[in-house]
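Here is the structure we will look at.
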Amino acid sequence: RRTLLAGLLLSAFALTACGKKAEAPAEQAASSAPAQATAAAKEYLVGSDASYAPFEFLNDKKEVQGFDVEVLTAAAEKGGFKVKFVNTPWEGMFATLDQGDRDLLASAITITDERKKNMDFSDPYFEARQLIAVGKNVTDVKTFQDLKNKKVAVQTGTTGDEVVQKLLGKTNPNIKRFESMPLALKELENGGVDAAVGDNGVVSNYVINNPQNGLATVEDTKSFAPEYYGFAAKKGNAEVLAKVNAGLKAIKADGTYDAIYKKYFAKK
Ligand code: ARG
């Protein structure tokens with residue numbers, strides 16, 4: 001497990017270190033300090049579907065916290081802007097950018113070509129993959145293909161939904177769609193489906209932290225391609241993304257990103 005996570009971490013670094021945008025954000029970072037000192041830093045409203053631990057979830061005070069929150073908050077400090085997180089349902093979230101209700105989305109969003117037609121993304125900040133959850137006594141699910149004739153729960157409109165559609169067919173009634181990942185996993189616990197498919201960090205976090213619920217995970221790195229999370233902004237909002245990227249670059253360079261990553265994903 002440690003090796004896998006270390007590998008993820010390294011590739012996250014490599015992604016940005018080798019990015020061709022390396023020059024522009026560096027200048028931004030250098031000039032953001034005086035800007036911050038003279039003018040009040042701009043505050044951006046950030047939408048997060050806070051049912052997605054450990055990336056975004058609500059604490060006792062109903063504030064959004066998690067890995068994404070810490071990464072973007074640290075990036076904001078370096079990039080010379082402020083962030084205010086607002087719990088925002090996954091469904092309809094992308095539309096809030098165009099409507100001007102949110103400036104940014106921090107919601108473990110996978111950067112995809114399809115989504116890039118409608119919104120812009122920051123540099124990638126996390127590598128993920130789909131992961132299968134099944135009941136812990138299930139023995140006939142060893143690969144993704146083994147779900148072919150089974151009922152599968154996903155969160156609507158996620159990359160998990162997309163991969164399952166490819167396997168089962170878009171309109172297959174065996175795909176059960178839920179508005180949040182915890183609801184999809186609850187359905188699995190209740191026996192309404194045979195499996196659930198979702199982002200590895202979230203699925204494994206749930207399975208590990210709810211041992212009484214009798215679930216297990218099945219990895220299939222051959223069937224599932226790596227995915228990269230990015231912070232999303234309204235198409236054309238280059239200003240906010242330049243600041244986010246400058247901040248991301250700075251926190252990756254000074255060890256802040258690494259520390260946050262370890263806090264959430266180091267083997268305990
Ligand atoms: N990474 C997946 C996607 O982009 C799932 C993201 C769901 N995020 C959330 N906070 N519910 O489709």
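Counting convention: from 1, in listed order, for ligands and their atoms alike. By convention here, the first residue in the shown sequence is residue 1. Everything quoted here is computed from the prediction, not taken from an experiment.
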Next on the checklist: We want to know whether Asn200 and Gln130 form a side-chain donor-acceptor pair, criterion being a heavy-atom distance below 3.5 angstrom.
Outcome noted: no
Checklist entry - So, Tyr257 versus Lys249: side-chain donor-acceptor pair below 3.5 Å or not? => result no
Checklist entry - Does any non-hydrogen side-chain atom of Phe94 lie less than 4.5 Å from one of Asn118? => result no
Item to check | Donor-acceptor under 3.5 Å (Gln155 side chain, Phe178 main chain) | outcome: no
Item to check | Test item: Asn237 side-chain N/O and Val240 main-chain N/O as donor-acceptor pair under 3.5 Å | outcome: yes
Checklist entry - Can you list the residues that meet the ring-ring contact (aromatic ring centres under 6.0 Å, His included) rule with Tyr44, with sequence neighbours excluded? => result Phe81
Item to check | Close residues, ligand 1: non-hydrogen atom nearer than 4.0 Å | outcome: Asp49, Tyr52, Glu56, Trp90, Ser107, Ala108, Ile109, Thr110, Arg115, Gln155, Thr158, Thr159, Asp199, Tyr229
